[in-house]
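Taking it in order: structure first as structure tokens, then the write-up.
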Amino acid sequence: RVLAGRGRDLAGRRVVISAGGTREAIDPVRFIGNRSSGLQGYALARTAVARGAEVTLVAANVALPDPAGVTVVPVESALDLRAAVLDAAERADAVVMAAAVADFRPTGRSDSKIKKTSADPEPIHLAKNPDILAELCDRRREGRKPAPEVIAGFAAETDDVLANGRAKLARKGCDLLVVNQVGEGLAFGTPDNAAVILIAEGDAVEVPRGPKEALADVVWDLIAARLV
Ligand code: CTP
Ligand code: CA
């Protein structure tokens, strides 16, 4: 579909977008984090509002101004993000997981700052975080709430980008997976992005390098087409 034809095609739709990157506390001053800026998630929020959607943006550690007309729910950790997304998803037609969710968290968060001593430091033990995207898809498949009509994920891949993406989409059970190739001045912290959007039924849509808004609009085109 052409740009001019989009109009307010998401009017009356409720969408939930996760953005940014989670932080997993080690002690009161330190965390395990990642390089996600939140720019792609915020671009998704702005474009969805422009197309008439009611938008909840679950924002993990993002240093960006709140987009106008969007309900922003700030979160820190993967467990916080899971709770906020599952709650907002109860009322959502579509969920887009653009956040970089930490796969692991330190098992025992120290209540006091870990001090440096003459001894070698204790290792940090990690536990697996829940996979929020997979959980949303599992619940929908089992007919449990929340069951948004469309569920989309993002994946940054290196190496065999498309094969990794296809396997990931199947493993998660989502409808769309936006696959970014990491590197070459793209993805993290940059205004531009390039991606291949994999569709559950087998198609793929290539989005050439361009502003994150342009990629966001193609994502909404594909989501709008799946909403009945
Ligand atoms: N995701 C999630 N919960 C997690 C990890 C990831 O909901 N605990 C979501 C991300 O928001 C993203 C998608 O799953 O939309 C893919 O994330 P990615 O890290 O690429 O997938 P993983 O299954 O964690 O695989 P990998 O081993 O490649 O990190
Ligand atoms: Ca991961």
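Each ligand, and each atom within it, is numbered from 1 in the order the structure gives. Counting from 1, the numbers follow the sequence of the chain as shown. These numbers were taken from a predicted model, which means no experiment stands behind them.
Residue Leu44 holds its CG atom at 7.5 Å from CD1 of Ile223, rounded to the nearest 0.5 Å.
Looking only at distances, no side-chain donor or acceptor of Asn193 sits under 3.5 Å from a matching main-chain atom of Lys212.
Using a 4.5 Å heavy-atom cutoff, the side chains of Arg51 and Asp217 are in contact.
Between Arg6 and Asp221, at least one side-chain nitrogen of the basic residue sits less than 4.0 Å from a carboxylate oxygen of the acidic one, meeting the salt-bridge criterion. Taking the charged nitrogens against the carboxylate oxygens, Arg13 and Glu54 have no contact shorter than 4.0 Å, which rules out a salt bridge. In this structure, Arg226 pairs ionically with Glu201, as a charged nitrogen and a carboxylate oxygen lie closer than 4.0 Å.
With waters neither drawn nor counted, the protein N/O/S atoms under 3.0 Å from the Ca ion (ligand 2) amount to 2.
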Working for side-chain contact (heavy atoms from CB on, under 4.5 Å), residues Arg109 and Ile26: CA-CA 5 Å; Arg109 174 192 198 278; Ile26 297 168; over 6 Å; no

Enumerate, one pair per line, all nitrogen or oxygen atoms of ligand 1 lying under 3.5 Å from a protein nitrogen or oxygen, stating the separation to 0.1 Å; write 'none' if no such pair exists.
residue	atom	partner	partner atom	Å
ligand 1	3 (N)	Ile132	N	3.0
ligand 1	7 (O)	Ile132	N	3.3
ligand 1	7 (O)	Leu133	N	2.8
ligand 1	8 (N)	Pro130	O	2.8
ligand 1	11 (O)	Ala99	O	2.7
ligand 1	14 (O)	Lys172	NZ	3.2
ligand 1	15 (O)	Met97	O	2.7
ligand 1	15 (O)	Phe154	N	2.9
ligand 1	15 (O)	Phe154	O	3.2
ligand 1	20 (O)	Lys168	NZ	2.5
ligand 1	21 (O)	Lys168	NZ	3.3
ligand 1	23 (O)	Lys172	NZ	2.8
ligand 1	24 (O)	Asp103	OD1	3.0
ligand 1	25 (O)	Lys168	NZ	3.3
ligand 1	28 (O)	Lys168	NZ	2.8
ligand 1	29 (O)	Asp103	OD2	3.2

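Of all heavy-atom pairs between Leu136 and Pro146, the closest is CD2-CG, 3.9 Å. The minimum heavy-atom distance linking Thr158 with Asn164 is given by the pair O-ND2, 3.3 Å.
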